[in-house]
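The block underneath contains the structure these notes are about, expressed in structure tokens.
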Amino acid sequence: MTQTWLISGPPGCGKTNWILNALKSHAGPCGYLRLEGGSRPGLEQGRDSSIDWNWLKDQIPQLTDLRSNEDSGDYEQHESTFKIVELSQFQTLRGTEPDGVNTIVKAQLEELNLKPQRIRHFGEDPELPKGDTLDYNTLESLSIKLNQKVWDPNSLSSFWFELVNGAYGDVYRAKALMNLPDGRAFYCNWIVTQKGSQFLPLNAVEQPNGRPKRQSALVLQGKALNGLDVQSTIHDCLLNDDVLEMHQAQRRSQQPNPYQPAL
Amino acid sequence: MAHAVISCLHANLAAVEAVLDDIDQQGIETITCLGDLVGYGPQPNEVVELVRQRNIPTCQGCWDEDIIDGLNACECSYPSQLAERRGHRAHHWAAERITKDNKDFLAGLPMTLRRGPFLFVHGSPNSQHEYLLPGMSAFAALERVESAEADTLFCGHTHQPYVRELRDGSIRMKLEKPGTDQSVEQEITLPIRRIVNAGSVGEPRHGNTHATYVIHDEIKEKVIIREVQYDVAKTCQAIIEQGLPEVFAWRLSHGFEYAERADDADHVCERS
């Protein structure tokens with residue numbers, strides 16, 4: 001039987017990590033969808049820019065995007081399909097509507113033919129960890145697309161240090177997928193309640209030929225964010241074509257030649 | 001006799017004035033400066049003029065050299081592309097403002113100063129740009145001090161003050177006799193050597209906002225790392241008003257243990 005869960009909570013409460021673990025522990029087919037939660041006066045939702053989807057898909061290659069109709073026939077027929085819908089939501093869903101789902105979210109779910117059997121909200125549901133659930137009063141959001149961009153690794157390290165220590169405003173939450181010149185990408189994750197940042201490498205490594213093809217983005221949430229300074233610092237950190245080619249040429253020369261016979 | 005060693009003033013007038021006041025209050029008359037009078041900060045001319053006015057013997061730092069010779073960095077000068085671009089902006093800002101008189105003064109500074117068994121340098125005896133990091137291998141550290149023929153090497157450049165004693169050093173040599181298979185082994189035990197890093201007056205990166213310098217008592221063989229409070233907000237305001245990268249003010253006001261330097265403690269500077 002197909003199980004569909006709706007997991008909601010405020011930014012940075014740990015939804016994506018929790019969902020990753022829940023999906024990984026499921027043996028059968030699984031699907032995922034992230035719904036953009038509604039902004040409220042003074043509380044701006046972050047645009048995810050597919051960071052969560054790309055991270056989860058990298059970790060669980062068989063994961064299906066619930067927005068696409070591909071393979072839907074297969075897993076609808078499968079007895080143990082597990083679908084999780086993630087919703088970034090500032091306030092608890094319960095109490096607003098009898099079934100805990102407001103009309104805007106309900107319309108999106110109906111359009112995708114999704115009927116959650118379980119609805120869980122971080123900060124309310126005792127089964128979910130509570131530690132990082134914050135009650136925001138005001139929140140600005142900044143989303144920067146970084147597709148095809150590659151970072152100088154030491155510059156990324158300095159930028160992230162400055163970012164999470166307040167050089168560009170009071171950042172409460174930072175999440176990103178960042179490309180490095182060696183073909184790796186990192187899922188970077190930080191929330192003000194945690195001491196350190198998560199820097200998790202993606203399993204997929206790009207070939208050393210040109211700009212990376214995977215999605216890349218940075219999403220910030222906080223107060224008094226200085227978007228112009230963030231953009232100009234990022235510009236100083238990104239590699240130009242010549243420098244990237246220098247890194248990639250080095251990598252290509254280190255790869256074994258498939259035409260050379262083994263001795 | 002006690003003498004004070006200051007380094008890495010970085011055009012931060014409020015910090016330099018506070019440190020010189022602290023030195024004066026302790027009745028110390030001999031001061032040596034290890035360079036980097038300019039760079040990062042908003043008052044390059046004022047700081048150079050104060051050092052000149054006080055007749056403080058000074059050796060040339062890497063930023064001082066860059067202002068005279070232009071940018072010609074080895075990879076160790078900047079640890080990242082971001083640091084390099086910011087550094088270049090700060091360099092051009094200072095280069096446009098430094099007076100000819102002050103530039104001539106910086107050009108005339110020696111690479112090293114020597115007083116008896118003490119050698120004073122900005123980075124290392126090899127180069128103003130080379131970092132003598134506290135974690136560098138004991139062999140490399142000993143080589144820098146020994147080859148400079150000094151008992152104590154005073155340096156700066158890392159912006160993190162430290163005192164490192166190098167004990168039990170020895171050099172083992174194998175001398176082969178020409179035309180024979182015979183060789184002679186010889187081991188020379190070295191006396192204790194010391195590296196003293198003065199930290200930074202104008203851009204401290206040791207974990208708080210205080211300016212640092214060192215006092216060395218030659219008779220008691222004692223080194224004290226001094227921390228001095230100064231009006232950080234005043235310098236930060238001036239950085240912003242002068243249009244320098246605002247992140248310099250942010251860094252200064254937080255006093256992070258923030259190392260903008262080469263990762264490799266044993267890197268040998270290749271700057272020509």
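A note on names: the letters A, B, ... follow the listed sequences, proteins ahead of strands, and every chain is numbered from 1.
Residues A:D236 and B:Q81 share a closest heavy-atom pair of O-NE2, 2.9 Å.
Checking each of A:C237, A:S155, A:P153 against B:S80 for a side-chain contact (heavy atoms from CB on, under 4.5 Å) leaves exactly one that passes, namely A:S155.
In terms of heavy-atom pairs under 4.5 angstrom with chain B, the leader among A:L156, A:V243, A:D229, A:L238 is A:L238.
Taking a 6.0 Å sphere around CD of B:Q229, one finds it holds 12 or fewer heavy atoms contributed by other residues, nucleotides or ligands. For A:Q250, the CD atom is loosely surrounded, since the number of other residues' heavy atoms within 6.0 Å does not exceed 12. Within 6.0 Å of the NZ atom in A:K57, the count of heavy atoms belonging to other residues, nucleotides or ligands exceeds 12. Within a 6.0 Å radius of NZ in A:K213, more than 12 heavy atoms belonging to other residues, nucleotides or ligands are found.
Ionic pairing of B:R85 and A:D152 is not present here: no N-O contact between side-chain nitrogen and carboxylate oxygen is shorter than 4.0 angstrom.
Between A:T233 and B:R86 the shortest side-chain heavy-atom distance falls below 4.5 Å. In this structure, B:H254 and A:N165 have side chains that are not in contact, with every pair of non-hydrogen atoms separated by 4.5 Å or more.
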